[in-house]
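First comes the structure, then the notes that go with it.
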Amino acid sequence: MAEETMAGIALNFNSEMRPFNDAFTDGKLPCPHRSCRSETGKAFFQDLAQHYRIKHRELAFNKEKHTQEARRLFNLFHGNETKQYLARVFSKRSLQRDKYIRYTVTTKYEACLVFEVMAKDTKEAAKLAGVVLMHFGQLKSYGEGTKPSIVEVLSQDLHVKFNLWTSKKTLNLSLDLTGDNIMPINQHDINIDDMTGKKSVDILRSVFHYDVFRGKQEEAIDSICQGQNTLLIMPTGGGKSLCYAVPALMEQKLVVVVFPLLALLFDQFERMKSKGLNVGFLMKDMDEMDRQSVIHKLHSNPPEYNLLFLTPETVLSPSVFDLLSKLSS
């Protein structure tokens, strides 16, 4: 048994049952010519040109055309092979209801529009669906401006939407997900009767769990949402974070926040994430892969973040300053 780790999930793959997955790992393709169709699933080639010279000498090998045909044929068989394999996995998991939950997964790809998944949670369900989409050739590489494949995971209590891409880190193939827009069907346990009709107050209660604003908070939020330049001076612990977080949720626009201290930035980052906000940050010495991930999400339309946290030296760097200029325009 060979072990392959995909999307953070370790699954055992039997090479005799999964010839297309072995070929995928080895970077091989089947021959797309009709005379070789009977060999599909049995013979794979790293060098299609050499195969054509030996097997199809009467034909001129067109690298772009024949490689594209081979890739299309391969993806179709590979995706179906993975679907069948996972169906066997889910059948076994269905006997362990204490460990796994049944989810309905929907995608926009015709070969797997709707299917059932047994998973530990919604993220694992989305990742498993991502493996299927990847093997069908339906996930795009994670890069600037690349549109994701959309997967929706549903259960009796939840409806969660995920955006998926593929990316490579060192030698491991992984899946990048942004699934922060979780929409529980019970609306975060908020009683509709408790809604005031004023958006800022409803967000204050439903997201931050405070009954009323303090001091000048509400006045500052109204001023910001009206597009006015606003200067607010408050003491430590006075609730300044609500004055930028609530407008971000009200307007559904990216809000950039500059922190004088990294410790304060990280403290607010964790706090806002714990409240369910989509938060990113850029700093001078961060990992390049993480940096590109943040920039990619900022280039989405609309940006995937509610809040972007920066330090003074970062916001004044030419690359970040140029990025913010493009976003604001």
Side-chain angles (χ1 to χ4, degrees), residues 1-48 51 55 66-96 100 102-120 123-142 148-153 162 164-168 171-177:
M1 300 290 285
E3 186 177 89
E4 177 177 329
T5 301
M6 286 192 175
I9 303 167
L11 299 171
N12 289 322
F13 285 70
N14 187 316
S15 59
E16 293 181 2
M17 297 171 61
R18 303 216 60 208
F20 284 90
N21 197 68
D22 289 343
F24 177 77
T25 302
D26 295 336
K28 297 179 179 180
L29 291 172
C31 175
H33 194 270
R34 60 181 178 275
S35 66
C36 287
R37 289 294 172 89
S38 62
E39 296 296 310
T40 301
K42 301 176 184 177
F44 301 91
F45 310 94
Q46 282 185 323
D47 191 341
L48 273 180
H51 168 71
K55 182 81 174 185
H66 291 127
T67 301
Q68 189 177 51
E69 289 175 352
R71 177 65 60 191
R72 186 162 51 243
L73 179 69
F74 178 83
N75 287 342
L76 179 62
F77 280 93
H78 190 201
N80 278 307
E81 178 188 81
T82 300
K83 273 184 68 178
Q84 293 170 15
Y85 168 75
L86 287 177
R88 294 193 294 273
V89 171
F90 298 149
S91 178
K92 293 179 180 178
R93 285 186 169 191
S94 67
L95 303 176
Q96 305 177 62
Y100 302 105
R102 184 182 299 277
Y103 295 101
T104 299
V105 175
T106 67
T107 77
K108 297 185 181 297
Y109 182 54
E110 188 174 357
C112 50
L113 286 173
V114 182
F115 57 101
E116 299 295 316
V117 172
M118 296 295 296
K120 295 177 181 178
K123 282 194 174 182
E124 187 185 57
K127 289 175 182 179
L128 288 166
V131 172
V132 176
L133 287 172
M134 179 172 63
H135 290 180
F136 271 118
Q138 296 302 306
L139 286 192
K140 295 181 180 179
S141 179
Y142 193 72
S149 292
I150 298 172
V151 167
E152 296 189 40
V153 180
F162 291 88
L164 279 71
W165 296 263
T166 60
S167 71
K168 279 191 176 181
L171 299 177
N172 295 321
L173 187 62
S174 63
L175 294 171
D176 289 291
L177 296 96

Which of parallel (below 30°), tilted (30 to 60°) and perpendicular (above 60°) describes His135 and Phe24? tilted

Taking [X] for its side chain and [Y] for its backbone only, find out whether a donor-acceptor pair lies under 3.5 Å.
{"X": "Glu124", "Y": "Lys120", "answer": "yes"}
{"X": "Gln46", "Y": "Asp26", "answer": "yes"}
{"X": "Glu81", "Y": "Phe20", "answer": "yes"}
{"X": "Ser149", "Y": "Gln138", "answer": "yes"}
{"X": "Arg102", "Y": "Met118", "answer": "no"}
{"X": "Lys55", "Y": "Cys36", "answer": "no"}

Closest contact, heavy atoms only, Val153 versus Ala125: CG1-CB, 3.9 Å

Distance-minimising heavy-atom pair for Asn75 and Gly137: ND2-CA, 3.7 Å

Tell me, please, which residues at least two apart from His33 pass side chain to side chain donor-acceptor pair (under 3.5 Å). Ser35

Any residue meeting side chain to side chain donor-acceptor pair (under 3.5 Å) with Glu116, in chain and number order, not counting sequence neighbours: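 Counting only residues at least two positions away or on another chain, Glu116 forms a side chain to side chain donor-acceptor pair (under 3.5 Å) with Thr104.
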
Decide if the gap between the ring center of Phe90 and the ring center of Tyr100 is smaller than 6.0 angstrom.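 No, the ring of Phe90 stays outside the 6.0 Å limit from the ring of Tyr100, centre to centre.
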
Do the ring centers of Phe136 and His78 come within less than 6.0 Å of each other?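 No, they do not, as the ring centres are separated by 6.0 Å or more.
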
Taking atom CD of Glu110 as the centre, does the number of heavy atoms from other residues, nucleotides or ligands within less than 6.0 Å exceed 12?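 12 or below, so no.
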
Within a 6.0 Å radius of atom CZ on Arg88, are there more than 12 heavy atoms belonging to other residues, nucleotides or ligands? yes

Going through the checks in order, is the side chain to side chain contact (heavy atoms under 4.5 Å, CB included) test met by Thr82 and Val131? CA-CA 8 Å; Thr82 300; Val131 172; 4.0 Å; yes

Check step by step if side chain to side chain contact (heavy atoms under 4.5 Å, CB included) holds for Val151 and Leu133. CA-CA 10 Å; Val151 167; Leu133 287 172; 3.6 Å; yes

Where do Asn80 and Phe77 land on the side chain to side chain contact (heavy atoms under 4.5 Å, CB included) test, with the steps shown first? CA-CA 5 Å; Asn80 278 307; Phe77 280 93; 6.0 Å; no

Run the side-chain donor-acceptor check on residues 66-73: report pairs under 3.5 Å with partners two or more places apart or on a different chain.
residue : atom : partner : partner atom : Å
His66   : ND1  : Asn62   : N            : 2.9
His66   : ND1  : Asn62   : O            : 3.2
Thr67   : OG1  : Lys63   : O            : 2.6

Stepwise side chain to side chain contact (heavy atoms under 4.5 Å, CB included) test for Lys127 and Phe162: CA-CA 9 Å; Lys127 289 175 182 179; Phe162 291 88; over 6 Å; no

